[in-house]
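The block underneath contains the structure these notes are about, expressed in structure tokens.
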Amino acid sequence: MSIECLKVLHFDCCLHHGKRFANIICQRSFFMVIGIGQLLSILICGTAVTSGLLQEESVSIPTGQSFFAYVLLSVTFTFWLFWSIGRKSVLGLIKDHGWKYFVLALLDVEANYLVVKAYQFTSVTSVQLLDCVTIPTVLVLSRCLLRIRYRCSHLVGVVFCLIGASSLVLADHLTEKYQDGESSSNVLGNMLVLSGAVLYGISNVGQEMMVSRYGTLEYLGTYSFFACFISGTQFVILEREDVLAIKFCLRVVLYLVGFVLCLYLLMALMSYAMLKIGAMAVNLNLLSSDFFSLIVGIFVFRYKFHFLYFISFVLIIVGLIVYNLWPPRNDDICPPTETQGALDKTGADGEETVNKTSDDFRLCSTNETGNTAVAIETEQSVMISCNRSTFQSSDDIRETVASSRHLPVK
């Protein structure tokens with residue numbers, strides 16, 4: 001084969017991969033991953049900035065601040081859940097799997113408390129660095145519990161994001177922003193951060209599992225109720241005297257309101273993000289929150305600027321792009337409907353969704369060719385591929401599902 005032919009083949013191969021890369025980048029789902037993740041990062045930046053402003057006013061009640069956000073979340077989504085499915089249904093789901101929501105709420109509340117508490121014993125630089133332990137925790141748990149298959153490109157994207165986060169920490173060290181009276185070698189503070197990061201990872205993977213199985217409304221309504229109870233109890237026990245010592249003024253109230261609103265929106269959007277892009281992509285996006293916090297801190301707290309801030313942000317965005325070029329595969333979890341007891345709902349595009357409360361079966365999706373995937377969610381998972389025209393009603397679906405598992409038709 002001549003050199004000219006080899007050059008033509010090489011050019012065609014590069015052109016093909018370039019078109020494929022451009023098609024992936026231009027997909028709406030790709031921009032949704034980046035957009036949702038960065039919106040969450042901006043909200044975390046809002047909580048960080050308002051917390052810093054509260055500390056300047058000698059207000060340090062981390063559990064109390066979170067408690068008000070949980071109350072607002074519970075008032076919104078718990079009442080919405082009661083209105084949507086009824087009191088008996090809510091009590092039934094709490095009886096069936098309410099303990100799972102209680103555990104997730106406990107993990108989330110304690111993770112928040114441990115990480116915020118660590119600032120009293122170690123430097124912010126150490127907290128930023130050790131908090132990245134959440135990512136390998138989510139990576140391992142997603143592979144083991146959610147059976148998500150990762151490619152080499154996903155691992156490369158994770159490495160880029162971690163290098164970007166490390167650049168932020170290095171910039172903090174070079175600007176000596178957090179070295180006044182703080183000890184970065186304090187073992188207690190480092191252990192608190194590590195414990196909180198691991199709890200965050202477990203909570204995030206558990207949240208993705210529950211949202212994927214039961215939907216965002218049930219998760220937020222039940223989770224916020226238990227989190228409100230847990231954080232309120234802890235608030236009364238640990239921070240009762242701190243609240244009495246606060247000198248309330250208009251600035252303090254505005255900072256508290258800002259923190260509560262940012263955390264409320266963050267927790268409300270987080271469950272939606274877990275359902276759409278997954279726990280791993282969410283945590284990689286959240287690494288850029290430190291960048292936004294530092295940029296705002298330059299104007300609010302008079303932080304020193306360093307060029308590594310922008311380099312770190314670029315590395316994190318590049319890591320996110322590489323990670324999301326090929327979404328991780330997960331064939332075990334089907335996206336749920338918004339309300340759990342819905343049967344025979346047909347959308348405007350003709351797609352039929354069947355979701356039974358007892359999880360006997362779920363009709364997941366219909367592709368462009370008319371093939372329908374039916375997932376059996378009992379003790380084993382069975383996937384059936386069949387033509388949509390075969391089914392005339394939901395009874396036909398039940399018969400096909402039952403025959404595949406040798407079960408009586410209900």
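Note that these values count all heavy atoms, side chains included, but never hydrogens, waters or copies made by symmetry.
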Legend entry - Donor-acceptor side-chain pairing of Ser288 and Ser41 below 3.5 angstrom: yes
Inset, instruction - Output, in order, the C-alpha distance, side-chain angles, deciding distance and verdict of side chain to side chain contact (heavy atoms under 4.5 Å, CB included) for Tyr323 and Leu284. - result: CA-CA 9 Å; Tyr323 180 87; Leu284 291 177; 3.7 Å; yes
Inset, instruction - Using the side chain to side chain contact (heavy atoms under 4.5 Å, CB included) rule, pick out the option among Val205, Asn204, Thr137, Leu40 that qualifies with Asn283. - result: Asn204
Legend entry - Partner of Glu218 under side chain to side chain contact (heavy atoms under 4.5 Å, CB included), chosen from Thr222, Leu220, Thr216: Thr222
Inset, instruction - Return each pair, listed once, that meets salt bridge (Lys or Arg N to Asp or Glu O under 4.0 Å) where at least one residue sits in residues 36-62; pairs must be two or more places apart or across chains. - result: Glu57-Arg251
Legend entry - Validation row: Ser60, Asp242 side chains within 4.5 angstrom (heavy atoms): no
Inset, instruction - For the pair Ser203 (side chain) and Leu199 (backbone), establish whether a donor and an acceptor sit closer than 3.5 Å, ignoring hydrogens and angles. - result: no
Inset, instruction - Output every pair passing salt bridge (Lys or Arg N to Asp or Glu O under 4.0 Å) with a member in residues 282-297, not counting sequence neighbours, ordered by first then second residue. - result: none
Inset, instruction - Taking the side chain as every heavy atom from C-beta outward, state whether Gln65 and Leu256 have any pair of such atoms under 4.5 Å apart. - result: yes
Legend entry - Modelled atom types, side-chain donor and acceptor of Tyr223 and Ser271, under 3.5 Å: no
Inset, instruction - State, with a plain yes or no, whether a side-chain heavy atom of Leu139 is found less than 4.5 Å away from one of Leu155. - result: yes
Inset, instruction - Kindly give the heavy-atom pair with the smallest separation between Thr63 and Phe235, and that separation in Å. - result: CG2-N, 3.8 Å
Legend entry - Sole candidate of Asp108, Leu106, Leu107 that passes side chain to side chain contact (heavy atoms under 4.5 Å, CB included) when paired with Ile230: Leu106
Inset, instruction - Flag the pair Phe226 / Leu104 as yes when at least one side-chain heavy-atom distance between them is below 4.5 Å, and no otherwise. - result: no
Legend entry - Between Phe313 and Phe292, ring centroids under 6.0 Å: yes
Inset, instruction - Measure the acute angle between the ring planes of His154 and Tyr150, then classify it against the limits of 30° and 60° as parallel, tilted or perpendicular. - result: perpendicular
Legend entry - Considering all heavy atoms, the nearest Ala227-Ala105 contact: N-CB, 3.6 Å
Inset, instruction - Hey, could you give me the OG/CZ distance between Ser312 and Phe307, rounded to the nearest 0.5 Å? - result: 10.5 Å
Inset, instruction - Applying ring-ring contact (aromatic ring centres under 6.0 Å, His included), name anything that partners Tyr200, two or more places apart in sequence or on another chain. - result: none
Inset, instruction - Side-chain contact test, heavy atoms from C-beta onward, threshold under 4.5 Å: evaluate it for Tyr113 versus Leu238 and give yes or no. - result: yes
Inset, instruction - To the nearest 0.5 angstrom, please state how far the CD1 atom of Ile85 sits from the CH2 atom of Trp80. - result: 12.5 Å
Inset, instruction - Go through Glu110 and Gln234 one step at a time and tell me if the side chain to side chain contact (heavy atoms under 4.5 Å, CB included) criterion holds. - result: CA-CA 10 Å; Glu110 298 309 321; Gln234 186 168 311; 2.5 Å; yes
Legend entry - Where Ala273 and Val282 come nearest, the two heavy atoms and their spacing: CB-CG2, 3.8 Å
Legend entry - Arg302 side chain vs Phe299 backbone, donor-acceptor pair below 3.5 Å: yes
Inset, instruction - Would you indicate whether the side-chain heavy atoms of Pro62 and Glu239 approach each other to under 4.5 Å? - result: yes
Inset, instruction - Might you point out which heavy atoms bring Leu287 and Cys132 nearest each other, and give the distance in Å? - result: CD2-SG, 3.9 Å
Inset, instruction - Could you point out which residue of Ile148, Ile277, Leu275 forms a side chain to side chain contact (heavy atoms under 4.5 Å, CB included) with Glu208? - result: Ile148
Legend entry - Within 6.0 Å of CZ in Phe160, more than 12 heavy atoms from elsewhere: no
Legend entry - Minimal non-hydrogen separation, Gly157 against Val322, with atom names: N-CG1, 3.9 Å
Legend entry - Flag if over 12 foreign heavy atoms under 6.0 Å of CZ, Phe82: yes
Legend entry - Distance (rounded to the nearest 0.5 Å) between Ile34 CD1 and Ile317 CD1: 6.0 Å
Legend entry - Pairwise distance OG(Ser153) to CG(Asn324) - rounded to 0.5 angstrom: 9.5 Å
Legend entry - Ser74 side chain vs Tyr70 backbone, donor-acceptor pair below 3.5 Å: no
Legend entry - Nearest non-hydrogen partners of Gly258 and Thr50, listed with the distance: C-CG2, 4.1 Å
Legend entry - Residue pair Leu263 / Leu266, side-chain heavy-atom distance below 4.5 Å: yes
Legend entry - Inter-residue atom distance Ser289.OG - Leu294.CG, 0.5 Å rounding: 9.5 Å
Legend entry - Close side-chain approach of Met209 and Leu141, heavy atoms under 4.5 Å: no
Inset, instruction - Report the relative orientation of the aromatic rings in Tyr214 and His97; use parallel for angles under 30°, tilted for 30 to 60°, perpendicular for over 60°. - result: parallel
Legend entry - Chi angles and distances behind the side chain to side chain contact (heavy atoms under 4.5 Å, CB included) call for Thr78, Ser224: CA-CA 7 Å; Thr78 302; Ser224 60; 3.4 Å; yes
Legend entry - Sidechain-backbone polar pair: Thr47 side chain, Phe259 backbone, donor-acceptor under 3.5 Å: no
Inset, instruction - Would you give the length of the straight line joining atom CD1 of Ile36 to atom CD of Gln38, rounded to the nearest 0.5 angstrom? - result: 11.5 Å
Legend entry - N/O donor-acceptor pair under 3.5 Å between Thr134 side chain and Asp131 backbone: yes
